[in-house]
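Notes to accompany the following structure.
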Amino acid sequence: MATLARLQARSTFVANQYYFRNSTVNAFRKKENDASVKIQSWFRGCQVRAYIRYLHRVAVIIQKWWRSYLGRKYYQLVVKVAYYTMKMNLYNAMAVRIQRRWRGYKIRKYCFNYYYLKEYLRAVSQTNDAIREALEEFAEMKEREEKKANLEREEKQRDHQARKMHYLLSTKQIPGIYNSPFRKEPDPWELRLRKAKPLIHRSAEVKQNSESLTNWLECTRARSFPHCEILPPITRKQCQGPFRDINEVLEQRYRPLEPTLRVAEPINQLQLAREELRKEEWVRNVTDQRFLPFSSYNQNKKYVLSLHSSSKYGFDSYGKEHFRSEDPKKWISNKDFQTVLPPFDLFSKYGKLYSKAGQII
Amino acid sequence: MSQRQVLQVFEQYQKARTQFVQMVAELATRPQNIETLQNAGCLLPCRLGSWAGGGRDSASFLQRVFRGEVERATRPDGLGSRGVPTKQMSGVMSLLRPLLLDVVPTIQQTAALALGRLANYNDDLAEAVVKGDILPQLVYSLAEQNRFYKKAAAFVLRAVGKHSPQLAQAIVDCGALDTLVICLEDFDPGVKEAAAWALGYIARHNAELSQAVVDAGAVPLLVLCIQEPEIALKRIAASALSDISKHSPELAQTVVDAGAIAHLAQMILNPDAKLKRQVLSALSQVAKHSVDLAEMVVEAEIFPVVLTCLKDKDEYVKKNASTLIREIAKHTPELSQLIVNAGGVAAVIDCIGSCKGNIRLPGIMMLGYVAAHSENLAMAVIISKGVPQLSVCLSEEPEDHIKAAAAWALGQIGRHTPEHARAVAVTNTLPVLLSLYMSTESSEDLQVKSKKAIKNILQKCTYLPALEPFLYDAPPNILKHVVGQFSKVLPHDSKARRLFVTSGGLKKVQEIKAEPGSLLQEYINSINNCYPEEIVRYYSPGYSDTLLQRVDSYQPLTN
């Protein structure tokens, strides 16, 4: 019982202590709890972290392996593609080389040969030069020919002129106009005149009357249609229009001429008849001199030249052309006398005012 | 003697008729007399009965008419064989018409000659000849008469037929063609000449009349006429063939089938100038229609003989020769090549240099045609020194159509490659072309052609010194092309870039206003990209102003 008493005495102490100790425990319980929780959580955390680390390690290994697998796969693809591309590039390059060579060859050989073109253009320019030269020569030749022809024509003209003017040649007595005695040498015309032959003037041919019968015959027959040479063409189309049958036409054409009475004699029959009559009478005449009427008796006399005014070489012009002597040095003024009144023309009617008796019509 | 007296009356009448007809024929040679003749004839009554016995009055009447003493009578009635009063029946025609049937051949011939001269003068008189029913008479008697009459009658037909197609049709309608063809077979060369001339004038008007002439069988006879020795006959026959073949290819083929080309080609060597004119004209009319005909003409070996004709003294021979060469060259490149190989281009260029005016035109066109076919031929034209000659033509010719032709030819030469364009640009023709395009005095045709030429040349031109003047005074539509060319050349050539800057071109380009997004703006941008930015800014307009503004706004640092 002592213990009990001690225990009971101590019980309150114990109870207090118990209470106190429990309450201090409680006082520190939270702190300790917290601390233990912290420790636990920390530890758990470490555990979990370790676990996660482990998981990570493992996952990384898996991923690593997986990724390497994928990469290898992809790498194979890439290699394939790159190889393929390389091959294609090579082929392309080779093909381009071939095409280049071929195209160059083709163009040069078949389409456009640059050197040939150059050569061609050179040849063209050479031909051009040659043609230009030839044409120049041709033009020059033509000019020369023309000049020559002109000169010749002029020569001929001058010759003809000289022949016409032959009478102007100088003689021994009278020097011609081209051979003046004051010149040292005669004029070239003079020499030409000496060489020229005199020109003979032929009388103009008598024109035939175109209405004379024989001419007309010639005209219709010989000139229009020389027969027996060419026949008219066989395959001639019928002429359009109011034409007669061709045979009729030809018949009429070649019919010999039957001149009418009207054309039987020429139109100047009267004149011809007169001529004929005159000729007949001329035959019958004894003399040609006609009988003169007594009124013109004095026309028979031949005029005797007076000694004073005539000489061996012809007439003196005094008494016929001028009736005064003229000395221009003695004149007061420069001009000669002018005729104021017309000369009387009594002598112009000389032999014409009288009757026509005795003239043959 | 009464027989004599009776005969004398007839003689006097005949003398009077002869004198009348000869005087009318002589007077009709002068144009001023023809009006008087026309009026004089109208005053006389048409009843021929009054003239039967009074033959000796005709000559004195005529004298009084010319002295103007006879006054106008009232209109005579019952004119012409149709009995219809024609509006202006020329009285002198009605006087000459019965004389065509006269007994004496000289009077017939002289009456025909007088009629021909009257009809030759103007087309009213020719119509009067047609309306007066004179033609059937003439045609009828053509078959039977002698050569002088035939010549005179053919002259009348020619004189009537030359004025208009209707009159020529009237001649064809009265059946004159067959008789004319018969006359072509005559032996006298004068008759042949007159007939060929008449046929040529009839065929000249249009294709139907030519076809009628060909149907009458004239072409082989004309070819025979060409071979005759007389030069005048050859000329006329060649001219007739030329008139026939000019209308259509079928007619030209008919002429060729008759074998005309060989003879015409031989006659090119003849020294007579007028003959050469006609022959060359005939050959060019044949060659112009188609390639086959041109080839046939070339096969007759006219080259290089034709080139000598280009040096002839006569201008029209030169013109016709260059026309012939042009007609041959225009068909195909092979024919042009043939001409170039024969040296024809040089000859034509010399010919252009030696003539002036319209004579040059066919030669210029020939160069254009040759150059248009291919670039090799254009290069051949360039090396034959064609371009300086063409630019001389362009600048010195006064007429617009010749300038237009020269501009066209230059455009054809320069449009092929940059080499060609450079050859054209070097001769300084581009400014001339531009001025022609811009000038208000040029005709529309000239403006169009010079614009096309400029455009064609500019699209290939890389010769920058020639392009620079264009920057300054070209209109906007041409400026676009010029700037485009610069934008193509400048990126690749550093010397050109430097030159462009120093000559002030860059400055000008900056001044051009263009809408953003337009082609011009793109070109300007590409040019600006060739230069560093500072230079572009330096040359942009208003740069000096911006610099000055910066000077104004600059505050110097005061430390």
Side-chain angles (χ1 to χ4, degrees), chain A residues 112 116-118 120-143 145-146 210-211 216 219-221 223-226 229-230 232-233 235-244 246 249-250 252-253 260-263 265-270 273, chain B residues 4 7-8 10-11 14-15 18 103-106 136-137 139-140 143-148 150 172-179 181-182 185-188 191 215-217 271 304 307-308 310-313 340-347 349-351 354 375-377 379-380 382-385:
Chain A
F112 171 68
Y116 182 75
L117 178 72
K118 234 169 95 163
Y120 172 70
L121 289 174
R122 201 178 60 84
V124 164
S125 75
Q126 267 184 354
T127 320
N128 284 346
D129 289 331
I131 289 276
R132 278 187 174 133
E133 266 178 39
L135 286 178
E136 286 280 339
E137 258 184 57
F138 177 74
E140 254 177 66
M141 191 186 73
K142 278 258 129 121
E143 283 246 7
E145 265 178 31
E146 219 188 280
S210 64
E211 286 166 40
W216 201 37
C219 193
T220 50
R221 183 163 287 209
R223 305 249 178 84
S224 300
F225 191 87
E229 276 184 20
I230 296 180
T235 58
R236 180 184 291 199
K237 272 197 309 207
Q238 195 62 25
C239 304
Q240 181 191 348
F243 287 124
R244 295 204 298 233
I246 188 70
V249 168
L250 290 173
Q252 174 161 358
R253 191 120 182 252
T260 58
L261 271 182
R262 192 228 165 270
V263 201
E265 36 186 38
I267 202 162
N268 52 355
Q269 178 64 12
L270 207 57
Chain B
R4 268 281 132 103
L7 285 181
Q8 200 160 357
F10 282 98
E11 262 178 41
Q14 182 174 327
K15 268 206 194 108
T18 328
V103 194
V104 180
T106 350
Q137 238 168 278
V139 167
Y140 182 72
E144 300 173 358
Q145 294 291 345
N146 65 11
R147 61 192 167 121
F148 303 106
K150 280 187 186 169
V172 172
D173 289 336
C174 49
L177 284 180
D178 292 321
T179 19
V181 167
I182 294 177
E185 292 174 329
D186 201 280
F187 289 93
D188 182 47
V191 173
D215 289 338
L307 302 178
T308 58
L310 285 170
K311 276 281 187 186
D312 203 276
K313 289 228 162 37
V340 168
N341 290 350
V345 173
I349 291 173
D350 285 348
C351 175
S354 64
E375 50 183 66
N376 298 341
L377 290 169
M379 189 49 95
I382 291 176
I383 60 165
S384 314
K385 305 183 189 89

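Per chain, numbering begins at 1; letters A, B, ... match sequence-line order.
Heavy atoms only, all atoms of each residue included: A:L135 and B:A347 are closest at CD1-CB, 3.6 Å. Nearest heavy atoms, B:A342 versus A:I131: O-CD1, 3.4 Å. Nearest heavy atoms, B:E11 versus A:I267: OE2-O, 2.7 Å. In terms of heavy-atom proximity, B:S384 sits nearest to A:N128 at OG-ND2, 2.7 Å. Scanning all heavy atoms of the two residues, the minimum distance from A:A139 to B:K311 falls at CB-CD, 4.2 Å. Between B:A380 and A:V124 the shortest heavy-atom distance is CB-CG1, 4.4 Å.
Of the atoms belonging to A:Q252, not a single heavy atom falls under 4.5 Å from chain B. Of the two parts of A:L121, the backbone and the side chain both hold a non-hydrogen atom closer than 4.5 Å to a non-hydrogen atom of chain B. With a threshold of 4.5 angstrom between heavy atoms, B:K385 approaches chain A through side-chain atoms but not through N, CA, C or O. Residue B:I349 touches chain A through its side chain alone, counting heavy-atom pairs closer than 4.5 Å. Contact of A:A134 with chain B is not made at all, since no heavy-atom distance falls under 4.5 Å.
Summarising the geometry, atom NZ belonging to A:K142 is positioned 6.5 Å from atom CG belonging to B:D312; distances are rounded to the nearest 0.5 Å. Atom CZ of residue B:R4 and atom CD of residue A:Q269 lie 5.5 Å apart, to the nearest 0.5 angstrom. Annotation: the span from A:L270 atom CG to B:L7 atom CG amounts to 9.5 Å, rounded to 0.5 Å. Put simply, CD on A:E137 and OG1 on B:T308 are 13.0 Å apart, with the number rounded to the nearest 0.5 Å.
Annotation: side chain of B:V340 is in contact with side chain of A:Y120 (closest heavy-atom distance under 4.5 Å). With a 4.5 Å cut-off on side-chain heavy atoms, A:L117 and B:E375 do not count as touching.
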